[in-house]
Amino acid sequence: MRKTLGWLLSLVVLIGTMGAAGATAQAATAAGPAAAADIKDQILGIPGMSLIEEKPYPGYRFFVLEYEQPVDHRQPSKGTFKQRLTLLHKDTSRPTVFYTSGYNVNTSPRRSEPTTIVDGNQVSLEYRFFTPSRPDPANWANLDIWQAAGDQHRVFTALKKIYSKNWIATGGSKGGMTATYYERYYPRDMDGVVAYVAPNDVNNKEDSAYDRFLSKVGTKECRDKLNAVQREALVRREPLEAKYAAAAAENGWTFTTVGTLDKAYEAVVLDYTWAFWQYSLLADCAGVPTAATASDQEIWDTVDTISGFSAYTDQGLETYTPYYYQAGTQLGSPDIKQPHLKGLSRYGYQPPRDFVPRDIPMTFQPGVMADVDAWVRTHADRMLFVYGQNDPWGAEPFHLGYGVKDSYVMIAPGANHGANVAKLQDGERTLATARILQWAGVAPAAALADAGRARPLAKPDPQLDQQDLPREAQLRP
């Protein structure tokens, strides 16, 4: 009898234990992701990662972060610096887009176009040497495209442990170049690359493609109108430079780096036609004044609006010293002829060396861009390049050779430096969307069966989807 009671008691305890365990399992299931560590705690658990601030945004978590990086990836023991990045977190079950601008990072919540297409997370990284992501002291020899790719690789490696789904690299202009260079040096990291309006200056000494572009872009009527304003601005150099000197005194502008107010003035004027096509549309030509009848103020206003007289001041150049350093050491820069200014231009297109303080040494490395170009032509795999038909920076684009796989170059008709997938022609737009979805591993069955049915997965958001294409006052991508 005692054995029977003991057996019954054991059975009751076992049933009770199983019931309690079942209840605990049910509670854990109901809790879902909340039972796991908070995403902020997971991110800050990465060695070297620190939080600057978290900003609320509906449907997301948005973090501004710093990550400790080696100053020199070849010699990690030689010191570190803090590199800013942002994280727009949606869900670790979604794909992640790695966005680079090639410049400073935007610390407000934003989604790049691929992030909207795949409805994913987004990591945005500030480029090394753009303040505050600059080593101190700054050895400028450590600013090159290989070191920057190393920055991205370390960030990706750290975050991939949390965001384990597919990753897409993207960026526009210098950011598109950055995404391409990252793929060249670390081709196994990303599942796809979407590079927007990325220049490809393979031979820095041969820039005739830009001259041919500027001789044909838009309409002859518009080109003539823009060229006439440029000429008039140089013909009226004396009165307009007097206005420039007054503006400099009022704003505290100085010209130590470029050398003189006269050199800065001409640099702004020579940028005028290029800057118009970079940021404006053909329809905007109607707002350009007729040079022959325009007042000095009207000539000043249009050049200031399109090129910007603050551009080549010390204050205007300071933020972009890292870009001009790279343009003069690896990336290359356009040197266009503008024959309509013959006899009026004193300096021609000035090289990047003129826009970098003289205490920073610079030596051009001619083989770097040729190496990237050759790699893209022969090894591109799941890469998409998008250009604008009327964007001067697209005059020397990336090209694809016979050895590439699942890669594309597409041109948005009539578009400027803000060209994107949404501005492509219908067939190319849906094809590009379908490929991005498939690379990200989230293509719906309908899109897999018919690329024409591919659509962005995220709902539009006017604030998040703002295109970061500020009208910059310098000739730079």
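Closest non-hydrogen pair, Pro357 versus Thr257, comes out as N-CG2, 3.9 Å. Taking each heavy atom of Ser133 and Arg84 in turn, the nearest pair found is OG-N, 2.9 Å. Residue Leu457 comes nearest to Pro444 through the heavy atom pair CD2-CG, 4.0 Å, listed as atom of the first residue, atom of the second, then distance. Between Pro135 and Phe129, the shortest heavy-atom distance links the atoms CD-CE1, 3.7 Å. Residue Tyr196 comes nearest to Ala419 through the heavy atom pair CD2-O, 3.6 Å, listed as atom of the first residue, atom of the second, then distance. Closest approach of Asn142 and Val71 over heavy atoms only: ND2-CG1, 3.4 Å.
Proximity of the aromatic rings of Tyr57 and Phe62 is defined here by a centroid distance below 6.0 angstrom, and this criterion is not met. Aromatic rings of Tyr312 and Phe355 (six-membered ring for Trp) have centroids within the 6.0 Å cut-off, being under it. Between Phe398 and Phe385, the gap from one ring centroid to the other is short of 6.0 Å.
Checking Gln147 against Asp72 by side-chain atom types alone, a donor-acceptor pair falls below 3.5 Å. In this model, no donor atom of one side chain and acceptor atom of the other lie less than 3.5 Å apart for Thr260 and Asp262. A donor-acceptor contact under 3.5 angstrom links the side chains of Tyr272 and Thr302, judged on distance only. A donor atom on one side chain and an acceptor atom on the other are found under 3.5 Å apart for Glu266 and Ser345. Between the side chains of Thr273 and Gln338, at least one donor N or O lies within less than 3.5 Å of an accepting N or O. In the model, Gln315 has a side-chain atom that pairs as donor or acceptor with a side-chain atom of Thr254 under 3.5 Å.
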**OP:** Evaluate the side chain to side chain contact (heavy atoms under 4.5 Å, CB included) criterion for residues Glu113 and Thr170: first the C-alpha distance (whole Å), next the side-chain angles of each, then the deciding distance (0.1 Å), finally the verdict.
**Re:** CA-CA 9 Å; Glu113 187 180 48; Thr170 193; over 6 Å; no
Original post:
Hey, mind stepping through Ser407 and Leu384 against side chain to side chain contact (heavy atoms under 4.5 Å, CB included) and telling me if it holds?
Top reply: CA-CA 6 Å; Ser407 295; Leu384 169 64; over 6 Å; no
**OP:** Apply side chain to side chain donor-acceptor pair (under 3.5 Å) to Asn416 and Asn390, showing your working.
**Re:** CA-CA 5 Å; Asn416 59 16; Asn390 289 347; over 6 Å; no
Subject >> Chi angles and distances behind the side chain to side chain donor-acceptor pair (under 3.5 Å) call for Asp144, Gln330 >> reply: CA-CA 7 Å; Asp144 63 38; Gln330 291 188 324; 4.7 Å; no
**OP:** Starting from the C-alpha separation in whole Å, work towards a yes-or-no answer on ring-ring contact (aromatic ring centres under 6.0 Å, His included) for Tyr265 and Phe309.
**Re:** CA-CA 7 Å; Tyr265 177 83; Phe309 279 109; 5.8 Å; yes
**OP:** Evaluate side chain to side chain contact (heavy atoms under 4.5 Å, CB included) for Leu159 paired with Ile46, printing each intermediate quantity in order.
**Re:** CA-CA 8 Å; Leu159 290 174; Ile46 296 171; 3.6 Å; yes
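No donor-acceptor pair under 3.5 Å is formed between the side chain of Gln42 and the backbone N or O of Ile162. A donor-acceptor pair under 3.5 Å is absent between the side-chain atoms of Gln122 and the main chain of Arg111, judged by distance alone. A donor-acceptor contact shorter than 3.5 Å links the side chain of Thr329 to the backbone of Tyr325. Judged purely by atom type and a 3.5 angstrom limit, Glu396 has no side-chain atom pairing as donor or acceptor with the backbone of Asp207. Looking only at distances, no side-chain donor or acceptor of Arg223 sits under 3.5 Å from a matching main-chain atom of Leu226. Looking at Tyr67, its side chain never comes within 3.5 Å of a backbone N or O of Val155 through a donor-acceptor pair. In this structure a side-chain-to-backbone donor-acceptor pair under 3.5 Å is present from Asp461 to Leu464. Remark: the backbone N or O of Met190 is not paired with any side-chain donor or acceptor of Glu183 at under 3.5 angstrom.
Between Lys205 and Asp201 there is no salt bridge, since no side-chain nitrogen of the basic residue lies less than 4.0 Å from a carboxylate oxygen of the acidic one. Classification of Asp38 and Arg61 as a salt-bridged pair holds, one side-chain N sitting under 4.0 Å from a carboxylate O.
Under a cut-off of 6.0 angstrom, the local environment of NZ in Lys55 is crowded, with over 12 non-hydrogen atoms contributed by other residues, nucleotides or ligands. Annotation for Lys165: atom NZ does not count as buried by contact number, only 12 or fewer foreign heavy atoms lying within 6.0 Å. Within 6.0 Å of CZ on Arg453 lie no more than 12 heavy atoms contributed by other residues, nucleotides or ligands.
Taking the six-membered ring where tryptophan is involved, the planes of Tyr103 and Phe130 are perpendicular, since the angle between them exceeds 60° and thus also 30°. Taking the six-membered ring for Trp and thresholds of 30 and 60 degrees, Tyr182 and Phe98 have ring planes more than 60 degrees apart, a perpendicular arrangement. Using a 30° and 60° split on the angle between ring planes, Trp167 and Phe156 fall in the perpendicular class, above 60°.
For the pair Gln438/Arg382, no side-chain contact is recorded, criterion being any heavy-atom separation below 4.5 Å from C-beta on.
For residues 359-379, every residue pair satisfying the ring pair (Phe, Tyr, Trp, His ring centres under 6.0 Å) rule, not counting sequence neighbours, is listed here: Trp375-His379.
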